[in-house]
Amino acid sequence: MSLYLGSPVEEFLAIADTGSDLIWVQCKPCEECYPQKAPLFDPHASSTYKVISCNTDSCSSLPHTSCGEGSQCEYNYGYGDGSLVDGFLSSETLSFASTGGRRIQVPSTLFGCTHRSNGTFTKNGAGLVGLGGGKLSLIRQLGSSIESKFSYCLPSSSQTSATGRLNFGASANVSASNAVTTPLITGFSSTFYFLSLEQVSVEGQGAVKVKPGMQIGSHTEQGNIIIDSGTTLTLVDDETLKSIAAKVASSVMLPQVKDPNNDFNLCFNVSGVRANAQFPDITFQFAGGASVVLHQSNAFVEAAQNVVCMSLVSSAGIGVNIFGNVAQQNFHIGYNLDAALSSTDNIYSKIVPNSFEYLMSLYLGSPVEEFLAIADTGSDLIWVQCKPCEECYPQKAPLFDPHASSTYKVISCNTDSCSSLPHTSCGEGSQCEYNYGYGDGSLVDGFLSSETLSFDSTGGRRIQVPSTLFGCTHRSNGTFSKNGAGLVGLGGGKLSLIRQLGSSIESKFSYCLPSSSQTSATGRLNFGASANVSASNAITTPLITGFSSTFYFLSLEQVSVEGQGAVKVKPGMQIGSHTEQGNIIIDSGTTLTLVDDETLKSIAAKVASSVKLPQVKDPNNDFNLCFNVSGVRANAQFPDITFQFAGGASVVLHQSNAFVEAAQNVVCMSLVSSAGIGVNIFGNVAQQNFHIGYNLDAMQLTFAPADCANL
């Protein structure tokens, strides 16, 4: 594929490879490199070239690195055929041709400046462009600017003067009437594009079923084949290959011969009949009823003079089944990476009440362990308590053991991720050590790390999210319950689960919190397309951008007490030295609803006028307004309290949302003063039995009343 690199621009041709991530070209000096026709890239001649430090997130995204001279990130990057390249991770301006005729620049693109290479590279190419699904690939770096879409059409390898096209963004849509679609499947490796191959049929000979799943090292993948533009032949397991070869041999009426190069398993002598030799179509049926018919040019190759071989070979040598580029020739193939997760399998987590907080399920590590952790839209960091944890709150579940997981990694203190945390220090071995606090005074200390998170999905399978940033907590102090093993930050900041999932869930999530009194009830936290709240009685209010990216700010206009009229609420809110346009945040991790003293006093007066019961003092001093319900508990009447948010969004809080039982025969209004923490909060008691949807792209919050235990 062509690409333009540097300032001034130089054009290069490089291998287009959907089976790897790193973009690289050979750079001066390059004494131990394969010979190439084009001049080597000279980084010193480009004004936009920069070397990346070895203590960065980008460097840690590479599988094998070391710290070179001047703390440069030096890589050693390998491929399935044994090829290797060494060099320095760098950034540079990449440029591409566009449909509008002008050249589009992509500044600060991460790429490798290779100074040593060894392998099966050809002199016509100056490097390789990783088009995989990992963080450093061209596709992930372009990300939302191309809507996470790309497509290509590979001309036949025999058409040496032909030109195909690699498209990005809207022009990558494949919309032909005969197009077929199959799901991309999330795997342990974020690089590979996994598919589910159900069977392979040989024309006139019937079908061969293919085993589901695939074992790669210690990991069992749900997909059983990857699609790879950088691999020539199609590789399948020996059992499948043997059955397909037998059917092809039965179909082809030509003498079999041995491949002189020992690359192929089944070859035929076409001497004297080359032009008229007949070979069967071979059909690959992928999940979703997607049948891809491989005609002769896709399924057979000329291995030597008068020798034609089936282009399916054994995957035993590398342990990965691959749909290679011979099979892909003359197909327009489109990848939609956002749809990979959200259109076929939407992830979700169950939510359970736990004494006025809500715990969500998540699966962590390799092998997987299930944990329950607080679901908190008012913070960002995901964390669990880890071994060793001597100064920690007691928990029922076993502590997470990072040394028992093959996918656990510690994050360096000199990384962008570490600097996203509010309070950090450099621990032993340059580990990013955090001290993370909450509004109620709780604190956790530990090491920022990365790990594979997994979730249940609507399709019934477990979806893995590799390299998720989370905290391994070794010290904790605060109001945490023994039923939870940690906390999942669902806020809007960089380290939150929502922002890390990002475009894969269309920046959407929703939840429905059952009543805290329904201790055996289960609600659900949905992500992606299944997070839409579409009930006929749904109402929507804007999410307001604030100084803190963590909080979800709303604009509360007034609070009405049934039969007593409305209390206007002051616009805006002062948090520290910052004046926010929103005047309340919505927070699933805070129990009560907090409002300023002036508003609280007015609401309390209206409620007191409405309730015909004797007032009593709260024995725990948590609440401002309480009533004695002795003898009338079952029949006590309390008014609805309506919160009217911007956009005409009126959220009616019935008795269970606005009043709580604080002690025996004592019921209190669940609105209290925000003076202690300085932030107004719409808490989780108020949110119970509402289906609440967050759309962070549209910056909208939607409420719909619901029976969350049965939604």
Side-chain angles (χ1 to χ4, degrees), residues 347-387 389 392-402 404-405 407-408 436 438 440 442-444 446 449 451-458 462-465 468-491 495-498 500-501 509-527 587-591 683-685 687-688 692 708-709 711:
I347 60 174
Y348 69 87
S349 174
K350 68 181 180 183
I351 287 186
V352 295
N354 179 55
S355 301
F356 292 108
E357 67 184 11
Y358 288 86
L359 303 177
M360 62 178 279
S361 63
L362 72 157
Y363 303 93
L364 187 67
S366 305
V368 159
E369 294 184 59
E370 184 177 9
F371 294 95
L372 289 174
I374 298 167
D376 183 20
T377 61
S379 67
D380 294 325
L381 183 64
I382 307 163
W383 60 266
V384 297
Q385 294 196 129
C386 295
K387 287 183 177 178
C389 207
C392 290
Y393 71 88
Q395 65 178 54
K396 282 185 178 178
L399 296 167
F400 177 66
D401 184 356
S405 173
T407 45
Y408 175 83
Y436 200 87
Y438 297 89
D440 66 355
S442 299
L443 282 170
V444 292
S449 312
E451 184 56 281
T452 296
L453 253 64
S454 304
F455 294 90
D456 293 318
S457 75
T458 51
R462 196 168 288 162
I463 303 290
Q464 292 181 327
V465 186
T468 303
L469 295 167
F470 86 110
C472 217
T473 287
H474 295 284
R475 292 176 298 281
S476 60
N477 183 24
T479 58
F480 304 109
S481 156
K482 64 182 179 181
N483 294 322
L487 184 146
V488 179
L490 301 171
L495 293 180
S496 80
L497 176 62
I498 304 306
Q500 291 193 66
L501 292 174
F509 70 103
S510 72
Y511 54 75
C512 203
L513 306 179
S515 171
S516 56
S517 62
Q518 297 175 285
T519 52
S520 61
T522 302
R524 197 141 127 171
L525 172 61
N526 291 311
F527 302 91
D587 181 8
S588 64
T590 295
T591 303
N684 66 40
V685 171
Q687 297 176 53
Q688 290 170 18
I692 302 175
C708 292
L711 186 64

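These values consider heavy atoms only, across backbone and side chains, with no hydrogens, waters or symmetry-generated copies.
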Q: Quick check: does any side chain N or O of Gln688 sit under 3.5 Å from a backbone N or O of Leu513, one acting as donor and the other as acceptor?
A: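 Absent.
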
Q: Just jot down the side-chain hydrogen bond (donor to acceptor under 3.5 Å, both in side chains) partners of Thr522, sequence neighbours excluded, or say none.
A: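 So Thr522 forms no side-chain hydrogen bond (donor to acceptor under 3.5 Å, both in side chains) with any residue.
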
Q: Does Thr407 have any side-chain contact (heavy atoms from CB on, under 4.5 Å) partners at least two apart in sequence or in another chain, and if so, which?
A: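 Per chain and number, Thr407 pairs via side-chain contact (heavy atoms from CB on, under 4.5 Å) with Phe188, His219, Ser366, Ser405, Glu451, Thr452.
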
Q: Would a distance-only check, ignoring hydrogens and angles, find a side-chain to backbone donor-acceptor pair under 3.5 Å from Ser349 to Ser361?
A: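 Pair found, side chain donor or acceptor close to backbone of Ser361.
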
Q: Got a sec, which residues hit side-chain hydrogen bond (donor to acceptor under 3.5 Å, both in side chains) with Ser496, two or more places apart in sequence or on another chain?
A: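 Partners of Ser496 by the side-chain hydrogen bond (donor to acceptor under 3.5 Å, both in side chains) criterion come out as none, since no residue qualifies.
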
Q: Are a donor atom and an acceptor atom from the side chains of Ser588 and Tyr358 found within less than 3.5 Å of each other?
A: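 Judged by distance alone, the side chains do not pair up.
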
Q: Can you confirm whether Met360 sits close enough to Ile351 that some side-chain heavy atom of one is under 4.5 Å from a side-chain heavy atom of the other?
A: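 Yes, their side chains come closer than 4.5 Å.
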
Q: Taking only residues two or more places apart in sequence, or in another chain, which ones meet Asn526 in a side-chain hydrogen bond (donor to acceptor under 3.5 Å, both in side chains)?
A: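 Arg524.
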
Q: Which atom names give the shortest non-hydrogen contact between Phe356 and Ser516, and what distance separates them?
A: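 Looks like CE2-OG, 3.3 Å.
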
Q: So, for Val368 and Ser454, which heavy atoms are closest and what is the spacing to 0.1 Å?
A: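 Result for this residue pair: CG2-OG, 4.1 Å.
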
Q: Any side-chain to backbone donor/acceptor pair from Thr590 onto Asp587? Under 3.5 Å, distance only.
A: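 Side chain of Thr590 to backbone of Asp587: no pair is present.
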
Q: Using a 4.5 Å cut-off on heavy atoms from C-beta on, say whether the side chain of Leu490 contacts that of Leu525.
A: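 A side-chain contact under 4.5 Å exists here.
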
Q: As an exercise, state the distance from CG of Leu372 to NZ of Lys350, rounded to the nearest 0.5 Å.
A: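 It is 6.0 Å, given to the nearest 0.5 Å.
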
Q: What's the shortest heavy-atom distance between Cys472 and Phe400, and which atoms?
A: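 Between these two residues, the closest heavy atoms are SG-CD2, 4.3 Å.
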
Q: Only counting residues at least two apart or in another chain, list the ones meeting ring pair (Phe, Tyr, Trp, His ring centres under 6.0 Å) with Tyr393.
A: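 Applying ring pair (Phe, Tyr, Trp, His ring centres under 6.0 Å) to Tyr393 gives Phe480.
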
Q: Output all residues satisfying side-chain contact (heavy atoms from CB on, under 4.5 Å) with Cys708, sequence neighbours left out; order by chain, then residue number.
A: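 Cys708 satisfies side-chain contact (heavy atoms from CB on, under 4.5 Å) with Cys512, Pro514, Asn689 once adjacent residues are dropped.
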
Q: Checking Lys482 now: which residues fulfil side-chain contact (heavy atoms from CB on, under 4.5 Å) with it, not counting sequence neighbours?
A: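 So Lys482 forms a side-chain contact (heavy atoms from CB on, under 4.5 Å) with Lys396.
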
Q: If the condition is ring pair (Phe, Tyr, Trp, His ring centres under 6.0 Å), which residues does Phe509 pass it with, not counting sequence neighbours?
A: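 Once residues adjacent in sequence are excluded, the partners of Phe509 under the ring pair (Phe, Tyr, Trp, His ring centres under 6.0 Å) criterion are Tyr694.
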
Q: At their closest point, which heavy atom of Asp376 faces which heavy atom of Ser379, and how far apart are they?
A: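 Asp376 and Ser379 have their closest heavy atoms at OD2-OG, 2.6 Å.
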
Q: Look up atom OG in Ser457 and atom OH in Tyr348, then write down how far apart they are to the nearest 0.5 Å.
A: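 If we round to the nearest 0.5 Å, Ser457:OG and Tyr348:OH are 7.0 Å apart.
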
Q: Not counting sequence neighbours, which residues clear side-chain hydrogen bond (donor to acceptor under 3.5 Å, both in side chains) with Gln395? List them please.
A: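 Result, side-chain hydrogen bond (donor to acceptor under 3.5 Å, both in side chains) vs Gln395: Gln385.
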
Q: Using modelled atom types and a 3.5 Å cut-off, is there a donor and acceptor pairing between side-chain atoms of Tyr511 and backbone atoms of Gly523?
A: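 Side chain of Tyr511 to backbone of Gly523, a donor-acceptor pair under 3.5 Å: no, none is there.
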
Q: Tell me every residue that passes side-chain contact (heavy atoms from CB on, under 4.5 Å) with Asn354, counting only those two or more places apart in sequence or in another chain.
A: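 Expected list: Glu357, Leu359, Ser481, Asn483.
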
Q: Taking the side chain as every heavy atom from C-beta outward, state whether Tyr436 and Asp380 have any atom pair closer than 4.5 Å.
A: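 Touching, per the 4.5 Å side-chain cut-off.
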
Q: Apply side chain to side chain contact (heavy atoms under 4.5 Å, CB included) to the pair Leu497 and Leu453, showing each step before the final yes or no.
A: CA-CA 10 Å; Leu497 176 62; Leu453 253 64; 4.1 Å; yes

Q: Distance from Asp440 atom CG to Thr479 atom OG1, nearest 0.5 Å?
A: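 The OG1 atom of Thr479 is 3.5 Å from CG of Asp440, to the nearest 0.5 Å.
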
Q: If you round to the nearest 0.5 Å, how far is OG of Ser449 from CD1 of Ile382?
A: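 Spacing of CD1 (Ile382) from OG (Ser449) equals 11.5 Å.
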
Q: Which value, rounded to the nearest 0.5 Å, describes the distance between Leu362 atom CG and Asp456 atom CG?
A: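 Spacing of CG (Leu362) from CG (Asp456) equals 10.5 Å.
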
Q: Quick check: are the SG atoms of Cys389 and Cys392 less than 2.5 Å apart?
A: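 Disulfide present: SG-SG distance under 2.5 Å.
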
Q: Which residues pass the ring pair (Phe, Tyr, Trp, His ring centres under 6.0 Å) test with Phe470, not counting sequence neighbours?
A: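 Listed in chain order: nothing, the list is empty.
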
Q: To the nearest 0.5 angstrom, please state how far the OG atom of Ser442 sits from the CG atom of Asn477.
A: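 Ser442 atom OG to Asn477 atom CG measures 7.5 Å (nearest 0.5 Å).
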
